[in-house]
Amino acid sequence: QVQLVESGGGLVQAGGSLRLSCAVSGGTFRSYGMGWFRQAPGKEREFVARITSGGGLTRYADSVKGRFTISRDNARNTVYLQMNSLKPEDTAVYYCARGRTAIPGPGRYEYDDWGQGTQVTVSS
């Protein structure tokens, strides 16, 4: 059984930075692409970023491009999301997810397993 546990969320002022981590246990971590999604109150869960199984390809939502960086450490079974220049509109619960394939796309249906989420709040 695959388990994903996010950490690193918190309260930060606009312009600040946070680094989210997602530790994965069970399954074969290095075989699957990983993604980050977020959900703000009253809104649908949306794609933020994904990284392929080997870490060679990344993809970002336009809203975070140039500010967020996704990375992974296959030796530690962990995926990261470095978030810089944070804005109040980045406030949301952030979820990591394991893709169904090595190169998942941005659709939620392309991910099988999800973490419980970590809250990120950006104050203005």
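Everything numeric in this text was worked out from a predicted model, so none of it was measured.
Rounded to the nearest 0.5 Å, atoms CZ (R38) and CZ (R45) are 13.0 Å apart. Atom CZ of R19 is separated from atom OG of S71 by 6.0 Å, given to the nearest 0.5 angstrom. Note that OH of Y80 and CG of D73 are 5.0 Å apart. Values are rounded to the nearest 0.5 Å. Rounded to the nearest 0.5 Å, atoms CZ (R67) and CG (L86) are 6.5 Å apart. W36 contributes atom CH2, which lies 13.0 Å from atom CZ of F47 (distance to the nearest 0.5 angstrom). T78 OG1 to M34 CE: the interatomic distance, rounded to the nearest 0.5 Å, is 9.0 Å.
In this pair, F68 and Y94 present their aromatic rings tilted. The plane angle is within the 30 to 60° band.
Under a cutoff of 6.0 Å and an axis angle of 45°, R72 and F29 form a cation-pi pair.
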Working for salt bridge (charged side-chain N to carboxylate O under 4.0 Å, His left out), residues E44 and R108: CA-CA 11 Å; E44 291 193 356; R108 284 179 292 174; 3.7 Å; yes
Steps toward salt bridge (charged side-chain N to carboxylate O under 4.0 Å, His left out) verdict (D112, R100): CA-CA 6 Å; D112 268 339; R100 293 185 174 185; 2.7 Å; yes
Verdict with reasoning, K87 to D90, per salt bridge (charged side-chain N to carboxylate O under 4.0 Å, His left out): CA-CA 5 Å; K87 305 174 181 180; D90 294 318; over 6 Å; no
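A donor-acceptor pair under 3.5 Å is absent between the side-chain atoms of Y111 and the main chain of C96, judged by distance alone. Formation of a donor-acceptor pair under 3.5 Å by the T101 side chain with backbone atoms of I103 is found in this model. Between the side chain of E6 and the backbone N or O of Q116, at least one donor-acceptor pair lies under 3.5 Å. In this structure, T52 contributes its side chain and L57 its backbone to a donor-acceptor pair below 3.5 Å. In this structure, E110 contributes its side chain and G105 its backbone to a donor-acceptor pair below 3.5 Å.
Placement of I51 and Y32 in two distinct hydrophobic clusters is found when ILVMFWY residues are connected by side-chain heavy-atom separations under 4.5 Å, directly or transitively.
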